[in-house]
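Positions are given from 1, in the same order as the sequence printed here.
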Amino acid sequence: MGRVITAGVALGLCVILLGAPPAAADSGRLDLAVTLDDRPITNATVTVDPAEQLELTVTATNSGGTTVKVRSVRVSGVALALTFFAYDTTAPFEVPAHSRVTRTFVLDMADLDGQAIGLLPSTVELLDAQRDTLGEAATVADVRGSFWSVYGVFGLAMLVLTVLAWLTALLALARHRLPSNRWRRGLRFLPAGFGTGLVAVVSLSVLRLVAPEPAIEIPVVLGAAVIAFLLGYLTPHPAPGPAADETVSFPDATKEFNR
């Protein structure tokens with residue numbers, strides 16, 4: 001069981017460390033300037049209300065020597081290396097070489113109410129016919145969705161699992177059933193710390209305090225995991241039970257009885 005827990009924690013850490021999307025600078029051949037309801041989205045937090053339609057204006061600049069063909073535009077939101085919403089709108093157009101083209105799209109985001117809530121790192125991408133990214137612009141979306149959305153329920157599920165992980169570890173500590181090896185005791189606490197970090201990241205996002213960007217979520221999750229591991233590592237050595245072959249004798253009383 002310990003090996004399964006360790007493997008699961010390692011897999012989760014790999015998802016957080018390696019699953020982040022690539023940087024926008026390396027992702028396309030078009031430079032994008034994007035506005036949402038006439039407000040630039042770059043270096044800003046944009047409010048997305050699922051009850052209202054959004055007017056998305058994309059200005060694509062082609063600095064290359066060949067025409068770039070755009071097939072669709074995608075709006076997506078990602079947290080903890082997981083995509084919690086993605087909307088694709090097919091709208092083919094071309095951006096000639098050394099020129100600039102502006103297109104406006106009206107987006108119906110009603111389904112977003114059941115998909116996300118809070119602050120989420122988001123991107124607007126232009127895609128070609130092969131679904132490859134031609135260019136993108138990044139922002140932070142303040143989604144006014146339901147707490148019972150996919151993202152909200154994900155955070156609630158992580159909270160329940162984290163509480164169970166802490167109860168299991170602390171109950172084993174109270175009953176002196178932790179492994180005698182310090183490293184194994186630390187690994188016993190590691191899943192609880194890992195879950196604590198995930199819950200903290202999602203909570204800060206849902207409460208609209210900090211967006212779960214890689215520069216934030218990775219240190220928080222790893223820091224919580226390290227702290228929990230150290231707590232397990234520094235727990236007292238389990239008290240040894242009585243030896244199986246240990247017997248109690250009363251030699252003096254036996255002698256007196258024989259007399």
Side-chain angles (χ1 to χ4, degrees), residues 1-20 78-84 114-121 145-249:
M1 183 64 180
R3 293 181 179 179
V4 175
I5 294 176
T6 303
V9 172
L11 180 60
L13 291 176
C14 288
V15 169
I16 298 299
L17 292 173
L18 304 178
V78 178
L80 298 170
L82 301 174
T83 300
F84 284 93
Q115 295 178 338
I117 182 176
L119 301 180
L120 287 177
S146 169
F147 176 78
W148 299 108
S149 62
V150 174
Y151 189 56
V153 172
F154 170 79
L156 184 61
M158 290 306 308
L159 175 61
V160 172
L161 292 175
T162 299
V163 170
L164 291 177
W166 277 113
L167 288 177
T168 300
L170 294 176
L171 188 59
L173 174 64
R175 293 181 175 180
H176 305 287
R177 292 183 178 179
L178 290 176
S180 58
N181 182 277
R182 286 188 177 274
W183 289 95
R184 293 182 61 189
R185 295 207 299 274
L187 290 176
R188 187 70 177 269
F189 278 74
L190 189 58
F194 182 62
T196 301
L198 293 177
V199 171
V201 169
V202 175
S203 299
L204 292 173
S205 171
V206 171
L207 295 175
R208 297 181 173 87
L209 297 176
V210 180
E213 298 176 339
I216 300 296
E217 61 190 20
I218 292 177
V220 170
V221 174
L222 290 182
V226 169
I227 291 174
F229 177 84
L230 291 177
L231 288 176
Y233 183 88
L234 297 175
T235 54
H237 191 284
D245 58 348
E246 184 178 350
T247 58
V248 179
S249 59

- Do P121 and V78 come within less than 4.5 Å of each other through their side chains, counting heavy atoms only? no

- What residue pairs, at least two apart or across chains, pass side-chain hydrogen bond (donor to acceptor under 3.5 Å, both in side chains) with a residue in residues 196-215? D142-R208, Y151-S205, W166-T196

- Looking only at non-hydrogen atoms, find the nearest pair between L173 and P236 and report the distance. CD1-CD, 4.3 Å

- Below 6.0 angstrom between ring centroids: does that apply to Y233 and F189? no

- Message: Could you tell me if the side chain of L198 sits less than 4.5 Å from the side chain of L80, heavy atoms only?
- Response: yes

- Message: Check whether Q115 reaches the backbone of V150 with its side chain - one donor and one acceptor, N or O, closer than 3.5 Å.
- Response: no

- Query: Which salt bridge (charged side-chain N to carboxylate O under 4.0 Å, His left out) pairs, counting each pair once, include a residue from residues 155-168, with sequence neighbours left out?
  - Reply: none

- Message: Can you give me the closest heavy-atom contact between G193 and A228, atom names plus distance?
- Response: CA-CB, 3.3 Å

- Between atom CG of L120 and atom CG of L82, what is the distance when rounded to the nearest 0.5 Å? 11.0 Å

- Message: Is any side-chain heavy atom of V221 closer than 4.5 Å to one of F194?
- Response: yes

- Query: Do you know the tightest heavy-atom contact between G197 and V220?
  - Reply: O-CG1, 3.8 Å

- OG1 on T235 to CZ on R182, rounded to 0.5 Å: 7.0 Å

- Query: salt bridge (charged side-chain N to carboxylate O under 4.0 Å, His left out): which pairs involve residues 157-166, sequence neighbours left out?
  - Reply: none

- Task: Any ring-ring contact (aromatic ring centres under 6.0 Å, His included) involving residues 209-231? Give me the pairs, sequence neighbours left out, ordered by first then second residue.
- Result: W183-F229

- Query: What's the spacing between L222 CG and I227 CD1 if we round to 0.5 Å?
  - Reply: 11.0 Å

- About how many Å separate OG1 of T168 and CZ of R177, when rounded to the nearest 0.5 Å? 12.5 Å

Using atom types as modelled, flag every donor-acceptor pair under 3.5 Å from a side chain in residues 157-165 to any protein atom, sequence neighbours excluded.
{"unit_1": "T162", "atom_1": "OG1", "unit_2": "M158", "atom_2": "O", "d": "2.7"}
{"unit_1": "T162", "atom_1": "OG1", "unit_2": "G195", "atom_2": "O", "d": "3.3"}

- Taking only residues two or more places apart in sequence, or in another chain, which ones meet L209 in a side chain to side chain contact (heavy atoms under 4.5 Å, CB included)? L204, L207

- Task: Working to the nearest 0.5 Å, report the span between CG of L230 and CG of L190.
- Result: 10.0 Å

- Message: Evaluate V153 against F147 for side chain to side chain contact (heavy atoms under 4.5 Å, CB included), listing each step before the verdict.
- Response: CA-CA 7 Å; V153 172; F147 176 78; over 6 Å; no

- Query: Can you tell me if R185 uses its side chain to pair, donor with acceptor, with the backbone of L178 under 3.5 Å?
  - Reply: no

